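Reviewing the structure listed below.
This one's a predicted model, so the numbers in the text were calculated from it and none came from an experiment.
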Amino acid sequence: MAKDTSDMPAQAEENVDVPDSNADIQFESNASPRKPGVKGVEVIADFVKRLPLGPGVYRMFDENGDVLYVGKARSLKKRVTSYTRLQGQSNRIMRMIMATAAMEFVETRTEPEALLLEANLIKRLRPRFNVLLRDDKSFPYILISGDHEAPALIKHRGARARKGDYFGPFASAGAVNDTINAMQKAFLIRNCSDSYYSNRSRPCLLYQIKRCAAPCTGEISIEDYRGLVAEAKSFLSGKSQLIKQELAQAMEKASENLDFEQAAVYRDRIAALSHVQSHQGINPQGIEEADVFATYQEGGQTCVQVFFFRTGQNWGNRAYFPKADKSYEPSEVLESFLSQFYEDKPPPRMVLLSHDLEERDLLAEALSARANRKVEVTTPKRGEKRELVEHALTNAKGALGRRLAETSSQIKLLKGAGEAFGLNRMPRRIDVFDNSHISGTNAVGGMIVAGPDGFAKGQYRKFNIKSVDLIPGDDYGMMREVFSRRFARLQKENPEGYEQAARFKSRVADTQATEEDLDTAPSNADIPAWPDLVLIDGGKGQLSAVRETLEEMGITDLPLVGIAKGPDRDAGREKFFITGEQSFMLPERDPVLYFVQRMRDEAHRFAIGSHRARRKKAIVANPLDEIAGIGPTRKRALLRHFGTAKAVSKAGIEDLQTVSGISESIATLIYNHFHE
C-alpha cells in the first residue's frame, strides 16, 4: 500500500525506512523542529498534544540529532504521556527523558506491525538506551540444489534465491561442514560447482575416496543418483532411523548374495550416519522444530543461549551477549532480543523461553505474521520441553561465566598496557601495525585491533602498498604510506575522535580500571574509531617515520610505541621506544609483555597472510587480464589458438586477427600492450 507522507518533514522522510518484509505497512511520521537548549519533559509534553491513540513506533533524539531510544506502543499518546513525569521512573528512563531534545513517530495499522518495525529500526539505528543485538551474523544452511539434473549438497548463507531444499539453521559453519562431510560418506552426493561438474571427463578424487558417486562421468545413472539425493533429504527431514534400517537391510541382502564389497559400502554409509547423530547431542523425542532461548544475568551482563532443533535433531547452539543497561530485567532483555533476532530469520513452529514475557502473545502474533503460519511462543513449566530450557540455561550460565573471566583478564591486561606505556587510563582500543613483503614485491601493510573482548577481527585492515616511488624493501616508506592512508581516512570520517584519543597521552601514575572504563567499553562492539594506543613493529627508525608522517597531518598527541625485537630475535627481550623517553624493556615474566607479544604476533600473522594471498594471486594472474577490452570470451579464444599468454605476446597483428572475435583494432591493442 502507498505511504501517506503528505505531512512528513524532509528529515523524517529521510530517516524512516520500513523493511521490505513490512512494505504493506501504512504510516505517518511527524516531528517538530528542535528548540535549541530545550530538553526533557517540556519537549515530550509538547508532542503529546498532537499524538493519536493508535499503535506506532516512536524515536527519541538528543540535542545532536543522535537516536537515544526506539520504542513501540499500543497507543502512542498513552505511552509518550508516561514520559512526561519523572516520578517513579528508573534511573535509565530518567536519563533518557532528560536527554531528549526531539521525537519522531510512525503510525502503524496494528501493534504487531509496530513490533516488527521497531526491531528493524533498532538494528539499523542502534540507539544507546535500547537492548542491542551485537552479533548478528547470518546462520548457515545446508542446500540440496534443485536447478540441476544431479543436485549438489552445499553450504549456503544469505537470501534463499537458488532453487532447492534448505535445511537449517545450523549454529556454526563448522557444524555444517562436519555434517556435509559425513553425509558425503553416507549418501555419496557431489558438492562441486555446476561448471566443474560439466567439464569433467573422468571421476575426481572424491569418487576415489568414496565420497561421491560421480554422476558427472556416468559412474552412476542419474536415476540412481536421485535415489541417493532422496535418501539425503529424508535424513535431513528427520527420518534418520528409517534410512538406517533400509541400509541395514540392503547390507544383509548384499552379504547373503556374497557381494561383500557392496556390503562394505552400506556398512560405511551406516557408520557415517551414526557419526552425524552422535555429534548432535540431545535429540528430543517430542519436539520436531523449535528454538530454545535461555537468559542469564550476572555482573551487569546478560547472556542469551540459543539452541536449534530441526526435524527432531539438535543442530547446534550459540551464545549471545546483547548490550543492555544494567537496569533491564532478564525478561526485558529477552523480549527485545527476540524481536531483533527474528527480524531477518524465519521463525520455527515453536519458540521455548526460560522467562515469561509481558508481551508474549504479541510476539507470537508478529512471528506468525512473518512466517505466514502459526508460531507458538511458550515458557514450559514441566516435561521434556522444560528440560531443554534448563539445559540451555545451564549453558548460558557457563558461557557468561567464561566471558566474565575473559573480560576481567583482558581489562587487567589493557590496564597494565596503559601503565607500561604512560597513558592516563586504560586504553579501550590498541592498533598494531606491521608490514610484509619479499624484497619489496607484493608489499602489504597490516593493522590489527585489540579491545576489551580481545582481538576485534572486524576492525582489521590491510593496505596494499601502491606507491611507485618507493625503493623496493623500504620499510620506512611503506610505514609512511600505511599511516598516511589510515589516518587520513579517520580524519575524514571521524574527526572528533582524535580529541578523545589525545587525552590518553599524558603520563599519570594511577591508571586503575574505573567503573567508567568498563561502562564505556564493555565489548569490542563499542570501541572507538581512533586508537588510544598505537604499537609499531619496528625500532627508532619506524617510530620516527610514523611520527613525522602524523605530524605532517596535524596529529601530534597520539600515543606511539615502537617494538624492536631483542638480540637474536628472542621473544621476551623486546625493547620499547617512546618519543622523548629512554628505551626500556619489560620484566621477562610480566603478563603485559606476553600480551604485547601476542598482539605483535597477531599483526605479523595477519600481514604475512595478506602478503601471501596477494603473491598467490599475482602468480596465477594472466597478462591478458591487464588489457582493456579483453574479456573472458576473447581471452579463451586467444589461449585456444596460441596455447599460452607468452605466445600471444610474441604474435604479430596479422596472426592475432586470425583468432575468432579479434578485429584489427583489438589486435593492434593487444600488440601495443606487449610491445610498448
Side-chain angles (χ1 to χ4, degrees), residues 112 115-116 119 131 133 135-136 138-141 166-172 175 236-238 240 277 279-298 302-322 324 328-400:
L115 179 66
L116 296 174
V131 175
L133 176 58
D135 181 9
D136 192 31
S138 61
F139 289 98
Y141 285 75
Y166 293 84
F167 301 92
F170 286 81
S172 66
L236 290 172
S237 298
S240 55
Q277 292 174 311
H279 283 72
Q280 289 175 335
I282 301 174
N283 293 318
Q285 300 298 315
I287 298 177
E288 183 72 13
E289 180 180 319
D291 287 347
V292 182
F293 294 84
T295 306
Y296 184 73
Q297 283 186 338
E298 185 180 344
T302 305
C303 175
V304 179
Q305 185 76 228
V306 189
F307 275 79
F308 305 100
F309 294 94
R310 297 294 184 274
T311 66
Q313 303 171 22
N314 178 9
W315 282 0
N317 62 295
R318 183 184 293 186
Y320 289 86
F321 302 93
Y328 278 104
E329 293 296 326
S331 59
E332 294 177 298
V333 175
L334 182 58
E335 189 166 39
S336 183
F337 175 89
L338 286 169
S339 61
Q340 295 178 59
F341 183 83
Y342 287 117
E343 196 272 330
D344 57 355
K345 302 176 184 69
R349 299 185 182 278
M350 182 181 296
V351 177
L352 305 179
L353 309 177
S354 61
H355 294 73
D356 201 10
L357 308 183
E358 183 179 345
E359 297 184 330
R360 178 165 52 86
D361 294 339
L362 174 62
L363 179 64
E365 186 178 351
L367 295 181
S368 299
R370 178 177 292 281
N372 293 320
R373 54 175 166 75
K374 183 179 180 181
V375 176
E376 181 183 357
V377 180
T378 182
T379 306
K381 304 299 182 184
R382 63 182 68 85
E384 185 181 39
K385 295 177 183 177
R386 185 61 196 175
E387 291 177 4
L388 291 178
V389 172
E390 292 290 348
H391 179 69
L393 187 59
T394 300
N395 280 268
K397 291 179 181 178
L400 184 56

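- With values rounded to the nearest 0.5 angstrom, L352 atom CG is found 12.5 Å from E387 atom CD.
- For the side chain to side chain contact (heavy atoms under 4.5 Å, CB included) with L353, the lone residue among L334, T378, V389 that qualifies is L334.
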Stepwise, does the side chain to side chain contact (heavy atoms under 4.5 Å, CB included) test hold for R318 with F139? CA-CA 10 Å; R318 183 184 293 186; F139 289 98; 3.4 Å; yes

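- Evaluation of the side chain to side chain contact (heavy atoms under 4.5 Å, CB included) rule for A324 yields V131, Y328, V333 as partners, not counting sequence neighbours.
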Evaluation steps, side chain to side chain contact (heavy atoms under 4.5 Å, CB included), between Y342 and D291: CA-CA 11 Å; Y342 287 117; D291 287 347; 2.6 Å; yes

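- In terms of modelled atom types and a separation under 3.5 Å, the side chain of R370 and the main chain of E343 share a donor-acceptor contact.
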Side chain to side chain contact (heavy atoms under 4.5 Å, CB included) between F293 and V304: does it pass, once the steps are laid out? CA-CA 7 Å; F293 294 84; V304 179; 4.1 Å; yes

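- The distance from the CG atom of L400 to the CD atom of E298 is 5.5 Å, given to the nearest 0.5 Å.
- In terms of the side chain to side chain contact (heavy atoms under 4.5 Å, CB included) criterion, residue partners of S339 (sequence neighbours excluded) are, by chain and number, L115, A119.
- Within the 4.5 Å cutoff, the side chain of K385 has heavy atoms near those of the M350 side chain.
- For N372 (side chain) and S368 (main-chain N/O), no donor-acceptor pair under 3.5 Å exists by modelled atom type.
- L362 is listed as a side-chain neighbour of P112, based on a closest heavy-atom distance under 4.5 Å.
- Scored by the side chain to side chain contact (heavy atoms under 4.5 Å, CB included) test, P330 finds T295, Q297, H355 as partners (sequence neighbours excluded).
- Considering NE2 of H391 and CG of N395, their distance stands at 4.5 Å, rounded to 0.5 Å.
- Shown here are the salt bridge (charged side-chain N to carboxylate O under 4.0 Å, His left out) partners of E376, two or more places apart in sequence or in another chain: there are none.
- Taking all atoms of both residues into account, the shortest heavy-atom contact from S354 to A294 is OG-CA, 3.3 Å.
- Listed by chain and number, the residues in a ring-ring contact (aromatic ring centres under 6.0 Å, His included) with F167 amount to none (sequence neighbours excluded).
- Partners of T379 by side-chain hydrogen bond (donor to acceptor under 3.5 Å, both in side chains), not counting sequence neighbours: none found.
- The distance from atom CD of Q340 to atom NZ of K345, rounded to the nearest 0.5 Å, is 10.0 Å.
- With rounding to the nearest 0.5 angstrom, the CG atom of L367 is 7.5 Å from the CG atom of L338.
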Apply side chain to side chain contact (heavy atoms under 4.5 Å, CB included) to the pair T302 and F321, showing each step before the final yes or no. CA-CA 6 Å; T302 305; F321 302 93; over 6 Å; no

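- Residues passing the salt bridge (charged side-chain N to carboxylate O under 4.0 Å, His left out) test with E390 are R386, sequence neighbours excluded.
- Side-chain contact of S336 with E332: a donor-acceptor pair under 3.5 Å is absent, judged by distance alone.
- Taking E289 as the reference, R310, P348, R349, R373 meet the side chain to side chain contact (heavy atoms under 4.5 Å, CB included) condition, with sequence neighbours excluded.
- Q305 is linked by a side-chain hydrogen bond (donor to acceptor under 3.5 Å, both in side chains) to N317, counting only residues two or more places apart in sequence or in another chain.
- Contacts of F337 classified as ring-ring contact (aromatic ring centres under 6.0 Å, His included), with partners at least two apart in sequence or in another chain: Y320, F341.
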